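Before any comments, here is the structure.
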Amino acid sequence: SGGSSSSGGSSSSGGSSSSGGSSLSSNSSGQEAEATPPQGETTTTITTITPAATTSPSAVRSPPSAPEATPRTVEKKSRLRRCAIEEVIATEVDYIADLQVISKFLENNIKESGLLSEKQLYGIFCNVSMIHGTHVLLFEKHLNQLKAQIAATKENPTEEEEQDSDDDNDDPKTRSQCIGPFFVDLSLFVKIYTIYCNNQAASMQAVHELSSALPKFHSLLQQLSSSPQCSSQPLSGWLIKPIQRICKYPLLLRELLRHTLPSHPDHGALVSAYEGINQAVTAINESKRDMENADVLLRIWQSIENSNKISLIAPSRRYIREAVFREPITTKKGKRGHSESTWYLFNDLILGLKEKRNKKKVRLASSAPYALYAFIPMAHCLVRALPSSVISNGFELSHVGHAKFALECATVRERDQWVQEITEFRALVVKKRTDRQRRGTIGPASPRLDKDIMRRMAKENNPSKLSFTSFT
């Protein structure tokens, strides 16, 4: 496949419950997950943060292998293998051309305009010049000669037929057409994509903010986009191409392995490269999720008034979702009403915030617009769904020994999702604590706390005692 579109595709999924970020993956069917390219100069969300979806390198699937072929199918497999090699070479040529546009045309023109500082320029393009140089060197080292060999073979059909019908893997012509060494070397350098991928979200945001704040920069981007080199594609569309390409390599390798006999001299290198690149992509995904998670924690922490009084950012803390819930309240005059609060679910914590408002209920303009409302460690939390007679689509959230909250969700599905996830995360936290106690690394939990939890759990099947006043 030719053209810039053959550089790969980015996996895309979305959800209101978590923040976005790139996910680098490939499916087992060899089909690439398409993503709608960014339009304009806006920040693009590539994927959601899903802690449960984290894949360890050891979980990578074994590469596919072609079964030992009979003499009748050797020629067909040889022809399909040659086509797969040609696709790798053609798409690599296109990708290097794309990198040339990004690093030599777009980056250089913006740099020469003098509109951005070196720091702002690096914030947008990151290490794309290094990626470009690496791929140029690898192509010259491995693919230039292979491309010429394939072209020469095509010019001599008789020789090609003789070679395809020869099942001798020691034949010099067959051995010379090996693309495995290219992928092996690439697997050693592919970690340079980690820096670029981790910076992708910040890069998109920088393009959006700078084009909004600097009219001259916005005009320059429009001018560059309309040039023949950019084919009317915006800067953000070009910046996503390295991430798209890194997704493509496992797919190309799988296709090559399908048509490479285990006895072929290229097979071992292809298997090694497939495993190495898959592990590198997995590591990039994990690093990307960690960066995005840290950004979310920092954003939430900075939005809280007197945030220095709480410890929100922790290495093992993972953001899961957030929602705005209504709560039944009773005013000083005895009238019943509702108030709204924003709740954040983490793997080890539940955080409740309320917007700061004046006496007239007008929202206060502030860089920290929220006040801390609830800070509930998962180990000290109890949750259960409430009957509709008490509150519609609601659940009860208890901070054992401190407070309890009746929260009304928009739908039953949302309520069930929160109840299920809180229950599961609490079970994990309690299990980890129990395991640490058995190893003697921490002391026993508070007896008073255990009694409170047991007493609350015993009352879970008796909702008739609940009343609106119990939630004030």
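These figures come from a predicted structure and were not determined experimentally.
Using a 4.5 Å heavy-atom cutoff, the side chains of Thr411 and Glu414 are in contact. Side chains of Ile422 and Cys381 form a contact here, defined as non-hydrogen atoms less than 4.5 Å apart. Contact of the Arg433 side chain with the Arg436 side chain is not registered, since no non-hydrogen atoms from C-beta on lie closer than 4.5 Å. Between Arg245 and Leu99 there is no side-chain heavy-atom pair separated by less than 4.5 Å. Considering only heavy atoms from C-beta on, Phe139 comes within 4.5 Å of Ile89 through its side chain. Side-chain contact between Ser225 and Leu235 is absent, with no heavy atoms from C-beta onward closer than 4.5 Å. Using a 4.5 Å heavy-atom cutoff, the side chains of His218 and Leu214 are not in contact. Taking the side chain as every heavy atom from C-beta outward, Leu349 and Met378 never approach each other to under 4.5 Å.
Taking the six-membered ring where the residue is Trp, His135 and Tyr249 present parallel rings, their angle staying beneath 30° rather than reaching 60°. Under the 30°/60° scheme for interplanar angles, the aromatic rings of Phe395 and Trp418 are found to lie parallel. Using cut-offs of 30° and 60° for the angle between ring planes, the Phe346 and Tyr319 rings count as perpendicular.
The 12-atom threshold is not exceeded at CD of Gln145, counting heavy atoms of other residues, nucleotides or ligands nearer than 6.0 Å.
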Requested in this report: Any chance you could lay out the side-chain hydrogen bond (donor to acceptor under 3.5 Å, both in side chains) test for Trp343 and Ser341, step after step, and finish with the verdict?
Outcome: CA-CA 7 Å; Trp343 292 81; Ser341 53; 2.7 Å; yes

Requested in this report: Kindly determine whether Glu86 and Lys147 satisfy salt bridge (charged side-chain N to carboxylate O under 4.0 Å, His left out), including the steps that lead there.
Outcome: CA-CA 8 Å; Glu86 289 175 350; Lys147 183 179 179 181; over 6 Å; no

Report task. Let me see the working for Leu221 and Ile110 under side-chain contact (heavy atoms from CB on, under 4.5 Å), right down to the final yes or no. Result -> CA-CA 8 Å; Leu221 292 183; Ile110 294 175; 4.0 Å; yes

Query raised in the report: Is there a side-chain contact (heavy atoms from CB on, under 4.5 Å) between Phe105 and Cys230 once you walk through the steps?
Result: CA-CA 9 Å; Phe105 179 72; Cys230 291; 3.8 Å; yes

Query raised in the report: Taking it one step at a time, do Gln279 and Glu275 satisfy side-chain hydrogen bond (donor to acceptor under 3.5 Å, both in side chains)?
Result: CA-CA 6 Å; Gln279 289 182 2; Glu275 293 173 350; 5.9 Å; no

Requested in this report: Report the C-alpha distance between His259 and Ser78 in whole Å, list the side-chain angles of each, state the deciding distance to 0.1 Å, and finish with yes or no for side-chain contact (heavy atoms from CB on, under 4.5 Å).
Outcome: CA-CA 7 Å; His259 307 304; Ser78 179; over 6 Å; no

Requested in this report: Could you walk me through whether Leu252 and Glu87 pass the side-chain contact (heavy atoms from CB on, under 4.5 Å) test, one step at a time?
Outcome: CA-CA 8 Å; Leu252 293 171; Glu87 181 185 4; 3.9 Å; yes

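In this structure, Ile243 and Ile246 approach most closely via the heavy-atom pair O-CG2, 3.1 Å. Leu220 and Asn109 make their closest contact through CD2-O, 4.4 Å (heavy atoms, listed as atom of the first residue, atom of the second, distance). Minimum interatomic distance between Glu107 and Ser129 (heavy atoms only, all atoms of both residues): OE1-OG, 3.3 Å. Residues Leu297 and Ala314 share a closest heavy-atom pair of CD1-O, 4.3 Å. The minimum heavy-atom distance between Ser311 and Arg317, with the atom names listed, is O-NH1, 3.2 Å. The two residues Ile284 and Asn198 make their nearest non-hydrogen contact at O-OD1, 4.4 Å.
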Show the atom names and distances, to 0.1 Å, of all donor-acceptor pairs under 3.5 Å that link a side chain in residues 116-126 to residues at least two apart or in another chain.
{"unit_1": "Ser117", "atom_1": "OG", "unit_2": "Gln120", "atom_2": "N", "d": "3.2"}
{"unit_1": "Ser117", "atom_1": "OG", "unit_2": "Gln120", "atom_2": "OE1", "d": "3.4"}
{"unit_1": "Gln120", "atom_1": "OE1", "unit_2": "Ser117", "atom_2": "N", "d": "3.0"}

For a quick test of your reading: what N or O donor-acceptor pairs under 3.5 Å do the side chains of residues 179-191 make, sequence neighbours left out?
{"unit_1": "Asp185", "atom_1": "OD2", "unit_2": "Lys141", "atom_2": "NZ", "d": "2.9"}
{"unit_1": "Asp185", "atom_1": "OD2", "unit_2": "His142", "atom_2": "NE2", "d": "2.7"}
{"unit_1": "Ser187", "atom_1": "OG", "unit_2": "Val184", "atom_2": "O", "d": "2.6"}

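Every residue was checked against the salt bridge (Lys or Arg N to Asp or Glu O under 4.0 Å) condition with Asp416, not counting sequence neighbours, and none meets it.
Atom CD of Gln420 sits about 8.0 Å away from atom OG1 of Thr423, to the nearest 0.5 Å. Note that OG of Ser113 is 11.5 Å distant from NZ of Lys111, once rounded to the nearest 0.5 Å. The distance from atom CG of Leu397 to atom CZ of Phe325, rounded to the nearest 0.5 Å, is 9.0 Å. Atom NE2 of residue His264 and atom CG of residue Leu257 lie 11.5 Å apart, to the nearest 0.5 angstrom. Atom CG of residue Leu270 and atom CD of residue Glu255 lie 12.0 Å apart, to the nearest 0.5 angstrom. Distance OG/Ser236 to CD/Gln200: 9.5 Å, rounded to 0.5 Å.
Listed for the Ser203 side chain is no donor-acceptor partner under 3.5 Å among the backbone atoms of Asn199. Side-chain atoms of Asn108 do not come within 3.5 Å of backbone N or O of Ile102 as any donor-acceptor pair. Checking side-chain atoms of Asn127 against main-chain N and O of Ile192 turns up a donor-acceptor pair under 3.5 Å.
Salt bridge annotation for Asp435-Lys431: present, with a cationic side-chain nitrogen under 4.0 angstrom from a carboxylate oxygen. Arg289 and Glu292 are not joined by a salt bridge, as no carboxylate oxygen comes within less than 4.0 angstrom of a charged side-chain nitrogen. Salt bridge status for Arg81 with Asp266: present, with a side-chain N to carboxylate O gap under 4.0 Å. Between Arg415 and Glu421 there is no salt bridge, since none of the side-chain N atoms of the basic residue sits less than 4.0 Å from a carboxylate O of the acidic one. Comment: Arg318 engages Asp290 in a salt bridge, judged by a side-chain N to carboxylate O separation of less than 4.0 angstrom.
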